[in-house]
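The figures that follow rest on heavy atoms only: side chains count, while hydrogens, waters and symmetry mates do not.
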Amino acid sequence: MTTLHDLMIRTPGLPCRLDPDAWFSTDPAERHGAARQCHACPLLLACQQHALANQEQHGVWGGVDFEARAAGCGTDRGYWTHSRRQEPVCPLCQAAHDEAVETERRRLLAVAHAAGGTNRGYYMHRRLGEEACRPCKSAQARKSAERRRAARAAAGAPVTELGDRRAAEPVPGALVAVQPASRAA
């Protein structure tokens with residue numbers, strides 16, 4: 001198997017081989033200039049793949065400034081950057097994303113509570129892994145009852161109040177309880 005090092009030795013005139021200092025400089029402007037030089041390199045993709053496989057965090061590899069890229073890790077934005085690049089999400093970025101999601105859910109739950117409890121609040125409680133409060137449970141029960149009434153109305157079934165579950169007529173095909181005949185002695 002051919003390694004990146006072998007390819008670099010066989011390819012003459014690579015700027016990163018002639019003056020490697022710019023590729024590992026502490027100055028972001030120098031690294032940016034080095035990254036621009038990489039775009040004409042025939043080893044661009046091989047270099048990027050090597051850096052990703054070895055989880056490089058310093059220098060410019062394949063036109064990518066991995067130092068600047070690593071600086072975004074540990075944030076929610078870093079999580080989305082990993083996802084967009086279709087690469088495994090590092091634990092720091094995953095933790096930051098989980099915290100951001102929980103913060104947003106808590107914010108939505110506060111809005112639901114300010115409204116006196118909502119169906120959305122009920123599901124925010126569930127997503128946060130906690131039991132829903134009474135106002136949110138009540139809102140969810142009302143929403144479920146509305147959906148059932150709408151479904152019955154759409155099906156052409158008689159719409160009754162939630163408390164009155166008995167229909168005026170027996171439902172065709174419904175089982176009717178039969179009382180056993182008493183034996184006459």
**Complete:** Tightest non-hydrogen contact, residues Thr118 and Ala112, listed as OG1-CB, 3.1 Å

**Request:** List the atom of Val60, the atom of Arg31, and the distance in Å for their closest heavy-atom pair.
**Result:** CG2-O, 3.5 Å

**Euclidean distance, Cys38 SG relative to Arg36 CZ, rounded to 0.5 Å** = 11.0 Å

**Message:** I need the Leu44 CG to Gln49 CD distance, nearest 0.5 Å.
**Reply:** 9.5 Å

**Request:** Look at the aromatic rings of Trp61 and His50 and report parallel, tilted or perpendicular, splitting at 30° and 60°.
**Result:** tilted

**Message:** Test of understanding: clusters of I, L, V, M, F, W, Y form through side-chain heavy atoms closer than 4.5 Å, transitively. Do Tyr123 and Val111 belong to the same one?
**Reply:** no

**Message:** I'd like to know if the side chain of Arg105 reaches the main chain of Met124, judged simply by a donor and an acceptor atom lying under 3.5 Å from each other, with no hydrogens or angles considered.
**Reply:** no

**Request:** For residues His113 and Cys136, determine if any side-chain heavy atom of one lies less than 4.5 Å from a side-chain heavy atom of the other.
**Result:** yes

**Asked** Regarding Ser144 and Gln140, is there a side-chain donor-to-acceptor distance under 3.5 Å anywhere?
**Response** yes

**Asked** So, for Ala22 and Ala34, which heavy atoms are closest and what is the spacing to 0.1 Å?
**Response** O-CB, 3.9 Å

**Request:** Give, for atom CD of Glu102 and atom CZ of Arg106, the distance between the pair rounded to the nearest 0.5 Å.
**Result:** 5.0 Å

**Prompt:** About how many Å separate OG1 of Thr103 and CZ of Arg107, when rounded to the nearest 0.5 Å?
**Reply:** 10.5 Å

**Message:** Give me the atom names and distance for the closest heavy-atom approach of Gly121 to Leu109.
**Reply:** O-CD1, 3.5 Å

**Message:** For Glu99, I'd like to know if atom CD has over 12 heavy atoms of other residues, nucleotides or ligands within 6.0 Å.
**Reply:** no

**Prompt:** Can you get from Leu45 to Trp23 by hopping between Ile, Leu, Val, Met, Phe, Trp and Tyr side chains that sit under 4.5 Å apart?
**Reply:** no

**Request:** Mind checking the SG-CG spacing from Cys47 to Leu52? Nearest 0.5 Å is all I need.
**Result:** 10.0 Å

**Request:** Using atom types as modelled and distance alone, determine if a side-chain donor or acceptor of Ser83 lies under 3.5 Å from a backbone N or O of Tyr79.
**Result:** yes

**Prompt:** Would you say Glu104 and Val101 make side-chain contact, with heavy atoms under 4.5 Å?
**Reply:** no

**Request:** Any chance you could measure Tyr122, atom OH, to Glu131, atom CD, to the nearest 0.5 Å?
**Result:** 9.0 Å

**Request:** Can you label the angle between the His97 ring and the Trp80 ring as parallel, tilted or perpendicular, going by 30° and 60°?
**Result:** perpendicular

**Request:** Considering non-hydrogen atoms only, spot the tightest contact between Asp76 and Ala100 and give its length.
**Result:** CG-CB, 3.9 Å

**Asked** Gly116 and Pro135: which non-hydrogen atoms are nearest, and at how many Å?
**Response** O-CB, 3.3 Å

